[in-house]
Protein chains: 2
Amino acid sequence: MEIQPGQLVSEKEIASVLNSSKTPVREALIRLEDVGLVAVVPKSGTYVTPIRIDSYIEGCFIRLQLEIGAVRRAASRRGIESCHQQLDSILEQQAIAWNAEDYVRFATLDEQLHEAFFTAAGLDGVWHFHQKTQADVNRVRHLKRINGIRRGLQVLEAHNAIVSAIKAGDVQASEEALVAHIGSLESEIERLAQNPGLLAFIENQDSSMTRKLPSRRSSWSTRTQQT
Amino acid sequence: MEIQPGQLVSEKEIASVLNSSKTPVREALIRLEDVGLVAVVPKSGTYVTPIRIDSYIEGCFIRLQLEIGAVRRAASRRGIESCHQQLDSILEQQAIAWNAEDYVRFATLDEQLHEAFFTAAGLDGVWHFHQKTQADVNRVRHLKRINGIRRGLQVLEAHNAIVSAIKAGDVQASEEALVAHIGSLESEIERLAQNPGLLAFIENQDSSMTRKLPSRRSSWSTRTQQT
DNA sequence: AACCTCAAACTAACATACTAGTTGCGCATT
DNA sequence: AATGCGCAACTAGTATGTTAGTTTGAGGTT
């Protein structure tokens, strides 16, 4: 979030800053492109993408569907008391972080809790793929945080409800608590997109403030070609 | 599937076959590593991965959860008659392909149908991420097909049920039909793993037939380091 | 003043050369 | 014969040079 959307991210410049060559930088940029944080325009440049509302919505959808499945499995599994302890521990620390107004730590623990849902479900690998789809969701979350849009108490309460349902083995309740927690994120975005703190990062198609993402008027397929 | 698990996939060799340099080959291999089809072992080699049962299960989970959400949305959306037509068209062609015993085309249309669910749900981008998680699921499907494990009639019937529910706008029925279709894939794998046609491709930890995936006994973090 | 033209100065894409771990095999030691 | 050592031949990783589209802007034309 420190580089504005539309801004050029130069291979050469980064390489010189890191005292390395362009090659590893280039490979890192390919990975960033894969998760949608930058757009590589052939022979032109690599640019930071704006947050796309479509991508945000899709990220929310993926998150909701996968976490629904995760908490349901976590609730129906037996013999995972160590995971239950882990969940409790995170909950506790998160409450402390909130009271201490340490919002960065609060966010970190939030991530950890949701990851722990997948661990409890025995689906650790799913979390990693899940995260790759969350670039824009996470960018919005970051913007909300630094713009003072924080609802820690509701979050804590919702987390409590989810964890309680998991520990109680109540599959249906775990889903309901999760949906209550993150089911409305998706619809929030329209309102949020109006917030002046977020506006500059979100793709808007009106003519004002035209992004200088080059327009690709020539002959390249999605990716590379023979010599 | 033409290269056996454990086999070396050499950058240099591929580059010479393609009359190109190692660089673009290397970038392609990085992408294959991202979806889990190869494992890059630093300074040793890039090897085709065996199908991992964990990865298969996680892929099935992701597929089920995302498609549940997709068909539910597709069923609850209005004004997507063109999508309905598209679904019908694919169904029809798939029946033809089955009768013609054109199993490759049958599989292609299967993919297209499931992609069309996401299109009908207005979540096109989700499909692409979804596919990145399906490497091992797709490898198993391919192996099933070439080993004569084909259940076209059941598949066609299930597809019909799903599409009917979507067109009728019956959210609950669409989910149930989808779960009936792909909900049991996950549990199949244990039995399938015994099949001699699949055995050679699936990771098995017993000592016989030790994969020669090098054992990584030295000092590399997950990926790269400074000079 | 608005509009082309064209060339210089960018960029990513690609090719090639080099570095530095890894691995297996032959040979010496036991 | 079995075992340990060390060197040679791999490999991916990195650095750097080259190629070929893209973009910008200066200068000329209308």
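Throughout, protein chains are lettered first and strands after them, A, B, ... in sequence-line order, and every chain is numbered starting at 1. Just so it is clear, the values below take in all heavy atoms, side chains as well, and ignore hydrogens, waters and symmetry mates.
- The nearest whole Å value for the distance from the CG atom in B/Asn19 to the P atom in C/dC14 is 14 Å.
- In this structure, B/Arg26 atom CZ and D/dT14 atom P are separated by 7 Å, rounded to whole Å.
- A/Arg63 pairs with exactly one of A/Glu186, A/His114, A/His130, A/Glu58 by the side chain to side chain donor-acceptor pair (under 3.5 Å) rule, that one being A/His114.
- Residues that satisfy the side chain to side chain contact (heavy atoms under 4.5 Å, CB included) test with B/Arg105, not counting sequence neighbours, are B/Gln93, B/Ala97, B/Asp102, B/Leu109.
- In this structure, the CD atom of B/Glu27 is 7 Å from the P atom of C/dA13, given to the nearest Å.
- Between B/Tyr47 atom OH and C/dT23 atom P the separation is 7 Å, expressed in whole Å.
- One interatomic measurement links the two molecules: CG of A/Leu18 to C1' of D/dA15, which rounds to 14 Å at whole-angstrom precision.
- Residue B/Ser21 places at least one side-chain N or O closer than 4.0 Å to OP1 or OP2 of C/dA15.
- Salt-bridge annotation for A/Glu11 and A/Lys22: absent, with no side-chain N of the basic residue lying under 4.0 Å from a carboxylate O of the acidic one.
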Enumerate all atom pairs, one protein N or O and one N or O from nucleotides 9-11 of chain D, separated by less than 3.5 Å.
| unit_1 | atom_1 | unit_2 | atom_2 | d |
| --- | --- | --- | --- | --- |
| D/dT11 | O4' | B/Ser44 | O | 3.3 |
| D/dT11 | O2 | B/Lys43 | O | 3.2 |

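- In this structure a side-chain-to-backbone donor-acceptor pair under 3.5 Å is present from A/Gln65 to B/Gln65.
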- Item | Audit row: B/Ser55, B/Arg139, side chain to side chain donor-acceptor pair (under 3.5 Å) steps and yes/no | CA-CA 11 Å; B/Ser55 165; B/Arg139 286 202 282 184; over 6 Å; no
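- A/Lys22 has its NZ atom 16 Å from the C1' atom of C/dC18, to the nearest Å.
- A cation-pi arrangement is present between B/Arg150 and B/Tyr103, with the terminal nitrogen or guanidinium carbon under 6.0 Å from the aromatic centre and inside a 45° cone about the axis.
- Picking from C/dA15, D/dA15, D/dT18 the nucleotide with the shortest atom distance to the side chain of A/Ser20 gives D/dA15.
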